[in-house]
Amino acid sequence: MRKNFHQDHDGGAVLDLRCAAARRAIHLPDLPELSPEARQMAIRTWRGRMINEHISAQVWSALVGQLLRAAIPPELLAGVAEAVSDELRHAELCAAVVEALGGTAVARLPPIEDVPDHSDVGALEGVLRNVISVGCMSETVAVAVIRTEQAELDGTALGEVLSSILADEVSHARLGWKLLGACAPLLDAGTKQRLSAYLVDALAHQIEHEVPMLPILGAVDPNAAAAGVCDGGFARSVFLDTIEQVIVPGLERAGLSASEAWARAQARTASLLVA
Ligand SMILES: [Fe+2]
Ligand SMILES: [Fe+2]
């Protein structure tokens, strides 16, 4: 029987989703003929997505425990546990694409930082920092970026895969904003001030994490583009627009000083933002 989890020789975890990919087998009848280079690039792209989705499942699962410790009302918690299984399903769908492209849905997991518990502040304030960072920022960015990629693949089998992932990412982003909206009226001025200060780190982290994942490739071979390989240049502008037009105004509505935090985060990461 094939093992579907193991460790490599130096103790790093290796994610093996070949069985899951077989269970969710995807057919790509409309995929154009790919050169060997374009095929490898597409496999790397979807394997990278597979890893990111698996990491998203770990992040949401850490939030489940933190939200429970903060005694968040149960009616707000239901979607959080669902987000974990959604992300695991996304990883499996990306694995199925890797295998459909002729690749192997096996990847060594990169070192993953623990989701911080922010023990310097109370349980509610600490988990709200993570809700803002994960739901209001990362998931909101994911919606915009995946929507852009999905538009390129509209009407194709790969477009269908991205559409089903996108629908879940929309609900994850909404969940983040709903949690923040429910808690914001309960926060005193001091807590809002500390959360506003935290936004600088959280926004800078978005840039440090997202920008390197959106490499500017220039013109992408049209066949590679049909297999889901995107130039990061356009996605970068979508990312920045999403922060400025959606995330910062949303955080301001919750009573946080997000515009000022965004200006400071951009100043801190200026070297990364130069194309
Ligand atoms: Fe996802
Ligand atoms: Fe998500």
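As the structure lists them, so they are numbered: ligands from 1, and atoms in each ligand from 1.
Looking only at N/O/S atoms, His90 comes nearest to the Fe ion (ligand 1) through ND1. Shortest distance from the Fe ion (ligand 1) to Glu53 is reached at OE1 (N/O/S atoms only). Here the N, O or S atom of His172 that is nearest to the Fe ion (ligand 2) is ND1. Glu169 contributes OE2 as its N, O or S atom closest to the Fe ion (ligand 1). The N, O or S atom of Glu87 with the smallest distance to the Fe ion (ligand 1) is OE1.
The pair Arg89-Asp168 meets the salt-bridge criterion, with a side-chain N (NZ, NE, NH1 or NH2) lying under 4.0 Å from an Asp/Glu carboxylate O. Under the 4.0 Å criterion applied to side-chain N and carboxylate O atoms, Arg174 and Glu139 are not assigned as salt-bridge partners.
Taking 4.5 Å as the limit, some side-chain heavy atom of Ser259 sits within range of a side-chain heavy atom of Glu252.
Atom CZ of residue Arg69 and atom CG of residue Asp117 lie 7.5 Å apart, to the nearest 0.5 angstrom.
Side-chain atoms of Trp177 never come within 3.5 Å of backbone atoms of His172 as a donor-acceptor pair (strictly under, hydrogens ignored).
Between the Fe ion (ligand 1) and Asp86 there is no N/O/S contact shorter than 2.8 Å.
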